[in-house]
Amino acid sequence: SKLHELLTTSYTFEPQNVTFLQNANYDQIIIALDSLSNVVTPEDNVLVFYAGHGYWDEKKELGYWFPADAAKANTARWLRNSTLRDYLYAIKSKHTLLIADACFSGGIFKTRAAFGADADLAVQKLYELPSRKAMTSGTLTEVPDQSVFMDYLVRRLSENQLKYLPSEKLFSSFREAVLNNSPVVPQYGTIQGTGDEGGDFIFIKK
């Protein structure tokens with residue numbers, strides 16, 4: 001994918017440290033998250049990216065991702081947002097950033113964090129405090145198949161000239177463009193209950 005290529009060539013994501021799953025089934029996703037929880041240390045930073053379909057159950061107030069083997073008839077192979085949160089909590093990294101370009105992806109937030117509170121803090125201060133943040137392509141509304149969110153995410157990472165780019169600054173650089181060019185409302189905030197202490201994930205240019 002364009003994002004995979006960009007991160008491994010222009011940013012400090014070493015190819016041997018990247019797990020790329022295409023059309024992954026439920027087991028493959030869980031095994032990958034399990035593996036991260038076993039190898040990641042408090043000195044490491046983790047980026048999880050998901051592009052695909054999902055579902056928000058209004059009645060139960062539950063959000064899901066659909067792995068490749070998910071069936072419409074039952075939720076046995078659907079990945080609950082709450083399950084994902086548990087796995088992210090178990091990954092004891094310095095910083096974890098989740099980027100989700102998916103239908104109903106905003107369900108990952110228990111409560112939506114206000115945007116912009118830490119935008120002007122120095123990168124060093126942001127890096128000192130552990131973080132568990134997410135940026136998603138929508139709230140609880142469906143995301144179109146043609147992803148304007150993904151287009152602008154890749155574009156801003158490609159154009160970036162900063163050596164150190166906080167994820168919140170990255171998000172703010174394309175949020176308005178997505179709002180102006182698509183029906184979705186992208187979100188950025190803290191993944192509640194996973195160990196965030198107010199820091200931020202920093203993209204570092206090579």
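No experiment lies behind these values; they were computed from the predicted model shown. Heavy atoms only: backbone and side chains are in, while hydrogens, waters and symmetry mates are out.
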Spacing of [X] atom [atom1] and [Y] atom [atom2] [to the nearest 0.5 Å]:
X	Y	atom1	atom2	value
L36	T19	CG	OG1	6.0 Å
Y11	L157	OH	CG	4.5 Å
T75	L62	OG1	CG	9.0 Å
F13	K206	CZ	NZ	10.0 Å
R175	L179	CZ	CG	5.0 Å
Q16	T8	CD	OG1	10.5 Å

For the backbone of [Y] and the side chain of [X], can you confirm whether one donor and one acceptor N or O come within less than 3.5 Å of each other?
X	Y	result
Q28	N25	yes
Y26	A68	no
R132	S93	yes
D44	T41	yes
W65	Y55	no
K94	E128	yes
T190	Q192	no
N160	R156	no
S147	M150	yes
Y89	K92	no

key: Worked check of side-chain contact (heavy atoms from CB on, under 4.5 Å) between Y64 and L79   = CA-CA 5 Å; Y64 303 89; L79 181 61; over 6 Å; no
Between [X] and [Y]: side-chain donor-acceptor atoms closer than 3.5 Å:
X	Y	answer
D34	Y87	no
Y188	S172	no
D86	T83	no
S137	D101	yes
D200	S131	no

inquiry  = I'd like to know whether CD of E159 has more than 12 heavy-atom contacts from other residues, nucleotides or ligands below 6.0 angstrom.
reply    = yes
Exceeds 12 heavy-atom contacts within 6.0 angstrom, atom CD of E61 = no
query = Is any NZ, NE, NH1 or NH2 atom of the basic residue among D27 and R77 found under 4.0 Å from an Asp or Glu carboxylate oxygen of the other?
reply = yes
ask   = In terms of side-chain geometry, is the basic nitrogen of K2 or E5 positioned less than 4.0 Å from the acidic oxygen of its partner?
value = no
Steps toward ring pair (Phe, Tyr, Trp, His ring centres under 6.0 Å) verdict (F203, F201) = CA-CA 7 Å; F203 289 85; F201 185 100; 5.1 Å; yes
Between [Y] and [X], is there a side-chain heavy-atom distance shorter than 4.5 Å?
X	Y	result
W56	E58	yes
L6	S158	yes
N45	T96	no
L126	H95	no

ask   = With the 4.5 Å side-chain cut-off for hydrophobic clustering, are Y164 and L129 part of the same group?
value = no
key: Single-linkage hydrophobic cluster, 4.5 Å side-chain cutoff, V46 and I31 together   = no
Testing the basics here: between [X] and [Y], what is the closest heavy-atom pair and its distance to 0.1 Å?
X	Y	result
M135	L170	CE-CD2, 4.2 Å
S37	A90	CB-O, 3.7 Å
A70	W78	CB-CD1, 3.7 Å

key: Pair F20 and H4, ring centroids less than 6.0 Å apart   = yes
request  = Please confirm whether F174 and F149 have ring centers closer than 6.0 angstrom.
outcome  = yes
inquiry  = As a quick check of understanding, evaluate salt bridge (Lys or Arg N to Asp or Glu O under 4.0 Å) for D196 and K133, giving each step before the final call.
reply    = CA-CA 7 Å; D196 185 273; K133 298 291 196 297; 2.8 Å; yes
query = For the side-chain contact (heavy atoms from CB on, under 4.5 Å) test, which of L88, L97, I29 pairs with V48?
reply = L88
request  = Evaluate the criterion side-chain contact (heavy atoms from CB on, under 4.5 Å) for residue pair V184 and V148; output intermediate values, then yes/no.
outcome  = CA-CA 9 Å; V184 303; V148 172; over 6 Å; no
ask   = Run the side-chain contact (heavy atoms from CB on, under 4.5 Å) check on I191 and L98 step by step: do they pass?
value = CA-CA 9 Å; I191 306 172; L98 169 69; 4.1 Å; yes
Working for side-chain contact (heavy atoms from CB on, under 4.5 Å), residues L7 and F49 = CA-CA 12 Å; L7 292 177; F49 175 79; over 6 Å; no
